[in-house]
**Student:** 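First, the structure itself, so that you have it in front of you.
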Protein chains: 2
Amino acid sequence: MEEEIHSPAGGNPVSPFQKIGSEKLLSGRIEESIESAIRKKQYLAGQKLPTEGELCKLFSVSRTVVREAFRRLSARGLVVIRQGSGAYVNEISSESAIDSINLYLELTDDGNMIFDIIRARQLFEPEIAGLAALYRTTGELEELAGNMEELRNCPLDDIEKETEIDSRFHILIAKATHNTVVSLLMRPVFDSMPRFKRSIFAKNKIDDRQAEKRRLIQFHEDIYQAINSGDSREAAYAMQTHIKRSERNFLDSLKPGVEGLKPGVDG
Amino acid sequence: MEEEIHSPAGGNPVSPFQKIGSEKLLSGRIEESIESAIRKKQYLAGQKLPTEGELCKLFSVSRTVVREAFRRLSARGLVVIRQGSGAYVNEISSESAIDSINLYLELTDDGNMIFDIIRARQLFEPEIAGLAALYRTTGELEELAGNMEELRNCPLDDIEKETEIDSRFHILIAKATHNTVVSLLMRPVFDSMPRFKRSIFAKNKIDDRQAEKRRLIQFHEDIYQAINSGDSREAAYAMQTHIKRSERNFLDSLKPGVEGLKPGVDG
DNA sequence: AAGGTATAAGTTATATGACAAATATTTACA
DNA sequence: TGTAAATATTTGTCATATAACTTATACCTT
């Protein structure tokens, strides 16, 4: 019989797919079955899953439902589908998970999200900088130095690029903790920085920009030096100072008149 | 006939859907188009999207690709599809995003994830408890009290339930910060607690369980009191103490000999 | 025999048509 | 007017066919 599907990995002849339950949609049930097999590592990253046709026979369903199950799985980043070739377990990547958080934050932002972001940075980033000072490698220090060089060379009027470099600086520090959880969870915070900073800069007077960039560079320099010297306490302090300054910049940018104020009364 | 990409009937207010680009798959392009419309809030949560048939005509594609686009969108939590009714923009929920992170953490756990989790908690939770002490409402205090009551009443041998209650305690504190970013990002950390604690308890001597639970209750009590009295510093300290103890428990559970080895020495 | 090319086979992508199942709307009736 | 039945709409699943792409094979040239 060709009942046997793929036997991945080891010699276990038992099908990696659990019997489909009594859920609602067929495509959902098959999605769960395949997901379960992947979670149990019965299929490893890069491995090829059975073809649509094989799964049709295995589950006794039409190609439609198998394809829709694959679509759901690929949308969630669990598998990649290559036309003409097949479906493969995706190399695990944090991007899909991070994108999911970013989407949520974007959709739920009622305009006050930035306050939560700033507060979260105040809470977490000094601790992160302190940890980075303890665990950073020389390679990571070089990356930070390179990032600062990029910042110095960034044209004064290219705000888009500057904020991107800035947020990458903080991502690098989070990575230097060598804590995958910390660096993963902080990514959405840093990813949102450009979005917010755009609106801040938009309200700033142009004259302030040059001085502000000098300060930004100096803050990064201070943080870098502390991390470089392995001084955890100083790194935390430098980071705290940096973020407080950023917050003040933001609050100042709101001063002239909060956008929420109804027109009718003005200066 | 259906060659024409028609503008929606009548006076033609601009279509909410952007023109499809030059991506690879049709279903992917249509997914992006619909996602973009949702991100721009041209369709709000709960609103009904066009039917499959309408989208087929609008994009001049088959039902197959429209359905697969919908499957992807629903897998990502952007829309919900109700048979016989239609597709609706999903009420925004953090669950999908959190699940995505949880899946990533589970798949990438090589056995050392727990160290990162513990360290992340050490970094973040004291700060969170401190913030919660400042912003908690009386309702949230009641929830915390109720949670502690649940913990006291939990059977000593029901580890599954105990860990669930425990992690919920910490989730409640994160929520009490009234910072959506903080409570969202910490969720995966707390969600992973039961998974890890199972293995810790499994290696603990049964005799320790009663004393250990008493200590757990006392820690929660201390944290609660500090948060209740609005003492930010004390709340952070109590939380720090709690987590350090948890870490020691974990490290102790590894002592006798990493996995496999039966504990042969006890008090 | 080695290497490249054309061909064939396998696999996914899309289209179409049909019917089932669930829901929504309209109609008919009391 | 309110309710129930009938009808229409919409999504779910199946089946078949063809296009587009990938991989494997056979063949040819050198």
Side-chain angles (χ1 to χ4, degrees), chain A residues 2 4-6 8 17 19-34 43 46-91, chain B residues 1-6 8-9 17 19-34 43 46-90:
Chain A
E2 77 294 292
E4 180 117 348
I5 320 297
H6 275 71
F17 301 111
K19 285 285 173 285
I20 54 182
S22 52
E23 289 299 315
K24 303 180 175 183
L25 267 50
L26 284 176
S27 56
R29 286 189 255 171
I30 289 168
E31 173 194 13
E32 283 179 17
S33 182
I34 297 174
Y43 285 97
Q47 256 188 303
K48 188 175 185 297
L49 292 167
T51 67
E52 293 177 357
E54 287 170 326
L55 291 172
C56 288
K57 279 191 291 188
L58 176 60
F59 293 116
S60 303
V61 295
S62 69
R63 257 189 86 196
T64 306
V65 303
V66 170
R67 285 186 56 79
E68 292 187 355
F70 271 158
R71 283 286 169 280
R72 293 182 58 92
L73 289 166
S74 75
R76 296 170 53 206
L78 272 86
V79 307
V80 288
I81 304 169
R82 288 197 272 274
Q83 179 174 357
S85 177
Y88 301 81
V89 178
N90 198 3
E91 299 293 338
Chain B
M1 274 267 231
E2 62 277 328
E3 278 303 86
E4 171 121 358
I5 303 183
H6 4 29
F17 301 110
K19 284 285 173 282
I20 55 183
S22 53
E23 287 300 313
K24 303 181 173 183
L25 268 49
L26 285 177
S27 57
R29 285 191 254 170
I30 289 168
E31 174 195 12
E32 282 179 17
S33 182
I34 296 174
Y43 286 95
Q47 253 187 306
K48 188 174 184 298
L49 292 166
T51 67
E52 293 177 357
E54 286 170 329
L55 291 172
C56 289
K57 279 190 289 187
L58 177 59
F59 293 115
S60 302
V61 295
S62 69
R63 247 188 95 197
T64 306
V65 303
V66 169
R67 284 185 58 79
E68 292 186 356
F70 271 158
R71 283 288 169 280
R72 292 181 57 92
L73 289 166
S74 75
R76 296 170 53 204
L78 273 85
V79 307
V80 289
I81 303 169
R82 288 196 273 275
Q83 180 174 356
S85 178
Y88 301 81
V89 178
N90 198 3

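FYI, side chains are in, hydrogens and waters are out, and symmetry mates aren't considered; it's all heavy atoms of this structure. Values in this document were obtained by computation on a predicted structure and should not be read as measured data.
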**Student:** Rounded to whole Å, please give me the gap between CZ in B:Arg63 and C1' in D:dT11.
**Tutor:** 6 Å

**Student:** Hey, which of B:Leu73, B:Leu58, B:Leu55, B:Val65 is the one that makes side chain to side chain contact (heavy atoms under 4.5 Å, CB included) with B:Ile30?
**Tutor:** B:Val65

**Student:** Which heavy-atom pair separates A:Val66 from A:Glu52 by the least distance, and what is that distance?
**Tutor:** CG1-CA, 4.0 Å

**Student:** It should be established whether A:Ser62 places a side-chain nitrogen or oxygen under 4.0 Å from OP1 or OP2 of nucleotide D:dT13.
**Tutor:** no

**Student:** Which of residues 67-84 of chain A sit near DNA chain C, with a heavy atom under 4.0 Å from it?
**Tutor:** A:Arg67, A:Arg71, A:Ile81, A:Arg82, A:Gln83, A:Gly84

**Student:** Of the candidate nucleotides C:dT11, C:dT14, D:dT13, which contains the atom at the shortest distance from the side chain of A:Thr51?
**Tutor:** C:dT11

**Student:** Taking the side chain of B:Leu25 as heavy atoms from C-beta outward, which of C:dT16, D:dC14, C:dA13 is closest to it?
**Tutor:** C:dA13

**Student:** Within this structure, what is the CD1-to-C1' distance between A:Ile30 and D:dC14, rounded to whole angstrom?
**Tutor:** 13 Å

**Student:** Starting at CZ of B:Arg29 and ending at P of C:dA13, how long is that distance when rounded to a whole Å?
**Tutor:** 13 Å

**Student:** Tell me the interatomic distance from B:Glu52, atom CD, to C:dT16, atom P, rounded to whole angstroms.
**Tutor:** 15 Å

**Student:** Might you point out which heavy atoms bring A:Glu68 and A:Ser27 nearest each other, and give the distance in Å?
**Tutor:** CB-CB, 4.0 Å

**Student:** Starting at CG of A:Leu55 and ending at C1' of D:dC14, how long is that distance when rounded to a whole Å?
**Tutor:** 17 Å

**Student:** Any chance you could measure B:Arg63, atom CZ, to B:Phe70, atom CZ, to the nearest 0.5 Å?
**Tutor:** 11.0 Å

**Student:** If I compare all heavy atoms of B:Glu54 with all of B:Thr51, which pair ends up nearest, and what's the gap?
**Tutor:** OE1-N, 2.8 Å

**Student:** Write down the atom of B:Gly46, the atom of B:Tyr88, and the distance for their closest heavy-atom approach.
**Tutor:** O-CD2, 3.5 Å

**Student:** What's the closest nucleotide to the A:Ser27 side chain, out of D:dT13, D:dT11, D:dT22?
**Tutor:** D:dT13

**Student:** So A:Thr64, base contact, sugar-phosphate only, or nothing? Heavy-atom distance under 4.0 Å.
**Tutor:** base

**Student:** Between the side chains of A:Arg76 and A:Glu31, is the shortest nitrogen-to-carboxylate-oxygen separation below 4.0 Å, so that they form an ion pair?
**Tutor:** yes

**Student:** What integer distance in Å separates B:Glu54:CD from D:dT11:C1'?
**Tutor:** 13 Å

**Student:** Quickly work out the B:Lys57 NZ to C:dT16 P distance and round it to whole Å.
**Tutor:** 14 Å

